Protein chains: 2
Amino acid sequence: MKTESILDQHNLSKTPCRVDIINTLTSVDVALTENQIKKNLKFDYDRATIFRTLKTFSEKGIIHCVPVEGNEVYYAISKPNYKQTLSHAHFHCNSCGGVYCLNSISIAEPQLPEGFSANKYELTINGCCKKCNE
Amino acid sequence: MKTESILDQHNLSKTPCRVDIINTLTSVDVALTENQIKKNLKFDYDRATIFRTLKTFSEKGIIHCVPVEGNEVYYAISKPNYKQTLSHAHFHCNSCGGVYCLNSISIAEPQLPEGFSANKYELTINGCCKKCNE
DNA sequence: GTTAAAATACAACAATGTTGCAAATATAAT
DNA sequence: ATTATATTTGCAACATTGTTGTATTTTAAC
Ligand SMILES: [Mn+2]
Ligand SMILES: [Mn+2]
Ligand SMILES: [Zn+2]
Ligand SMILES: [Zn+2]
């Protein structure tokens, strides 16, 4: 989907920082940390601006974040078709650190202990990605 | 297992901070954030000391950390029987924020995209815990 | 173009992660 | 028990990240 229509859909004004961030996240097919995003942007923006933009995008569901080991937070664009706000799997490469959304994988829902109820499953798979396996 | 023998097993000297932290994490049956751990300790220790102790314990496999949404890191004691360094499931309660280790659950290993190989699966289940469901 | 609402840069501050180093303490050797 | 050595701790300092107020700039609607 075009960047502009994504913003339109969520009643967000079209500003340089927002456009730049969405363009960046859609052009790469992986999840990026805030710093990785920064490096990929065409222009420089204040840290606070990027922070608030990512926050807005998260709240609107335009992006989703992937918590991985090492206290690093990765952000990925959400493909509306896949309902990424719900159950969702990610792959984390131990070699290059890349984080991939695995949109095609469905998560098996395990039996929970008595009294527990679930509404969302998040699976993180650690291993070696395609590039690093070659 | 007794706190002292845990430290012994890993060639770690028996110091107040280490004993206090292990006692805390074994007495509760849930995962705790660094601040929650601090509140439960019998004595006060410097931030750096707690930081280094948690780091040491993580490296030794005495504890493992659970990354959850909101950039918070939870720490839980590792039960040696369950090989918690490998695939492992956790439950995160949306209501009380509690994080539980689900040692009895085995994770179904999904088919990965061509070229990807996995060595560890981490499943985080969000929902409502037993206490909050009552 | 004018105007109101919203986004941005800047600054400030809070929280967390991290390290060097001297003093205190734990263990091992005597 | 005393001493010696290795380790741990507290303190300080600094880095990184998270967060918010506010004046200025920019957007979108009229
Ligand atoms: Mn994803
Ligand atoms: Mn666990
Ligand atoms: Zn890789
Ligand atoms: Zn609960």
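Quick note on labels: first sequence line is chain A, next is B, and so on, each numbered from 1. Computed over heavy atoms, backbone and side chain alike; hydrogens, waters and symmetry mates excluded. Keep in mind that what you see is a predicted model, and the values were worked out from it rather than measured.
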Notebook entry, point to check: Does B:Asp20 use its side chain to pair, donor to acceptor, with the backbone of B:Leu41 at less than 3.5 Å?
Noted result: no
Item checked: Under 3.5 Å donor-acceptor, B:Asn71 side chain and A:Val73 backbone -> no
Gap between atoms [atom1] and [atom2], on [X] and [N] respectively (whole Å):
{"X": "A:Asp44", "N": "C:dC10", "atom1": "CG", "atom2": "P", "answer": "10 Å"}
{"X": "A:Phe51", "N": "D:dT20", "atom1": "CZ", "atom2": "P", "answer": "6 Å"}
{"X": "B:Lys55", "N": "D:dT7", "atom1": "NZ", "atom2": "C1'", "answer": "16 Å"}
{"X": "B:Phe43", "N": "D:dT8", "atom1": "CZ", "atom2": "C1'", "answer": "17 Å"}
{"X": "A:Glu34", "N": "C:dT16", "atom1": "CD", "atom2": "P", "answer": "17 Å"}
{"X": "B:Asp8", "N": "C:dA28", "atom1": "CG", "atom2": "P", "answer": "9 Å"}
{"X": "A:Lys14", "N": "D:dA28", "atom1": "NZ", "atom2": "P", "answer": "7 Å"}
{"X": "B:Asn71", "N": "D:dT16", "atom1": "CG", "atom2": "P", "answer": "18 Å"}

What nucleotide, of [options], holds the atom closest to the side chain of [X]?
{"X": "B:Ala48", "options": "C:dT16, C:dT19, C:dA9", "answer": "C:dT19"}
{"X": "A:Thr53", "options": "C:dA7, C:dT8, D:dG10", "answer": "C:dT8"}
{"X": "A:Tyr45", "options": "D:dT9, D:dT8, C:dA9", "answer": "C:dA9"}

Check: Taking only side-chain nitrogens and oxygens of A:Asn35, does any of them come within less than 4.0 Å of OP1 or OP2 of D:dT17?
Finding: yes
Check: Looking only at side-chain N and O atoms, does A:Ser13 come under 4.0 Å of OP1 or OP2 in C:dA6?
Finding: no
Next item on the list: Could you tell me whether the side chain of B:Cys101 reaches within less than 4.5 Å of the side chain of B:Lys79, counting heavy atoms only?
Entry: no
Notebook entry, point to check: Considering only heavy atoms from C-beta outward, does the side chain of A:Glu69 approach that of A:Asn126 to under 4.5 Å?
Noted result: yes
Next item on the list: Find which nucleotide of DNA chain D each of A:Arg47 and A:Thr15 is nearest to by heavy atoms, and output the residue with the more 5' nucleotide.
Entry: A:Arg47
Margin query: Between the base of C:dG17 and the side chain of B:Arg52, is there a donor and acceptor pair under 3.5 angstrom?
Written below: no
Next item on the list: Please determine, by modelled atom types, if B:Thr124 and B:His92 share a side-chain donor-acceptor pair under 3.5 angstrom.
Entry: no
